[in-house]
Amino acid sequence: MTTEALPETIPLGKGIAMTFLRNQSYLTRVEIGGGPDDDVLVVPLHWHETHDEYIHILEGQLEITLGSHVKTYDHHDGPICIRKGVVHGLRSARGVRCVVEERTEPMDEQKEILFRNLMGSGKQANVFEAMQIFYHGDGRPVFPIHIPWLERMFVTVVGNFLAPMLGYKRKIESLKRV
């Protein structure tokens with residue numbers, strides 16, 4: 001699949017869409033409609049080994065968990081830096097329109113590939129698919145008792161060994177034109 005065949009915007013849920021911003025300072029823009037029947041965006045607790053993440057809220061508000069601290073942010077807060085290794089998660093407010101942009105440092109195609117594989121099919125990935133995508137995309141889940149080496153090992157064993165053995169394969173491996 002070439003990059004020309006990939007849609008610029010993918011649905012993340014009812015009333016939620018992610019647009020990939022090529023050649024701009026931010027990588028993605030997520031728009032949460034905030035309608036009464038729209039879904040709430042929930043990004044479970046996770047962490048990254050190689051990327052810092054920057055979240056910039058343009059409109060509305062977003063509850064962000066950083067480590068053990070939970071705070072509601074809005075556009076007045078400016079870009080929020082989430083350093084690699086820091087446990088974090090996101091949650092939008094029901095009924096509140098929110099527009100948020102995200103980028104990583106270093107900025108590369110890895111994050112777009114992760115999002116497209118994890119959420120681009122329109123259905124929730126199972127644990128084998130998710131860990132395979134995390135293995136190749138710098139995502140690590142957080143267990144109830146956060147033990148980084150165990151979470152890293154879980155992603156490696158399930159994502160790099162079990163998932164391929166069971167026939168799972170990422171749909172998108174590169175954004176390079178073929």
Contact check, side chains of P44 and H46, non-hydrogen atoms, under 4.5 Å: no
Find the distance between NZ (K84) and NE2 (H51) and round it off to the nearest 0.5 Å. 9.5 Å
So, D39 side chain and G15 main chain: donor-acceptor pair closer than 3.5 Å or not? no
Is L58 close to R29 at the side-chain level, that is, under 4.5 Å between some pair of heavy atoms? yes
Heavy-atom nearest pair, V86 first then G67, reads CG1-N, 4.0 Å
Is there a side-chain contact between M131 and P141 (heavy atoms, below 4.5 Å)? yes
Inter-residue atom distance L90.CG - E63.CD, 0.5 Å rounding: 9.5 Å
Identify whether W149 and F161 are in the same connected component of the hydrophobic contact network (ILVMFWY, side-chain heavy atoms under 4.5 Å). no
Smallest separation among heavy atoms of F20 and R116, with atom names: CD1-NH2, 3.1 Å
Around R91, counting heavy atoms of other residues, nucleotides and ligands shown, do more than 12 lie under 6.0 Å from its CZ? no
Can you see which heavy atom on V30 is nearest to which on M18, and at what distance? CG2-CE, 3.7 Å
To the nearest 0.5 Å, what is the distance between NE2 on H136 and CD on Q110? 10.5 Å
Has the side chain of H76 got a donor or acceptor atom that lies under 3.5 Å from a matching backbone atom of D74? no
Decide whether V157 and F128 are clustered together by the hydrophobic rule: side chain heavy atoms of Ile, Leu, Val, Met, Phe, Trp, Tyr closer than 4.5 Å, transitively. yes
Single-linkage hydrophobic cluster, 4.5 Å side-chain cutoff, V99 and I10 together: no
Which heavy atom of P106 sits nearest a heavy atom of T104, and at what distance? O-OG1, 3.0 Å
Common cluster, I64/V43, ILVMFWY with side-chain heavy-atom separation under 4.5 Å: yes
May I ask whether V70 and I57 are part of the same hydrophobic cluster, defined by side-chain heavy atoms of I, L, V, M, F, W, Y residues being less than 4.5 angstrom apart, directly or through others? no
Between H48 (side chain) and R140 (backbone), is there a donor-acceptor pair under 3.5 Å? no
Minimal heavy-atom distance between I133 and L114, with the atoms involved, is CG2-O, 3.7 Å
Mind checking whether L150 and M153 have side chains closer than 4.5 Å, heavy atoms only? yes
With a 4.5 Å heavy-atom cut-off, do I82 and I55 have their side chains touching? yes
Report the distance from atom CD of E112 to atom CG of N117, rounding to the nearest 0.5 Å. 10.5 Å
Side-chain donor/acceptor of D138 to backbone N/O of T50, under 3.5 Å: yes
Nearest 0.5 Å please: distance from the CG atom of L118 over to the CD atom of E129. 9.0 Å
Below 30° counts as parallel, above 60° as perpendicular, anything between as tilted: where do the rings of F143 and F154 land? perpendicular
How long is the straight-line distance from CE of M107 back to NZ of K111, given to the nearest 0.5 Å? 11.5 Å
Note: R103 and S25 closest approach over all heavy atoms is CD-O, 3.0 Å
Please tell me if the side chains of L66 and K71 come closer than 4.5 Å, counting only heavy atoms from C-beta onward. no
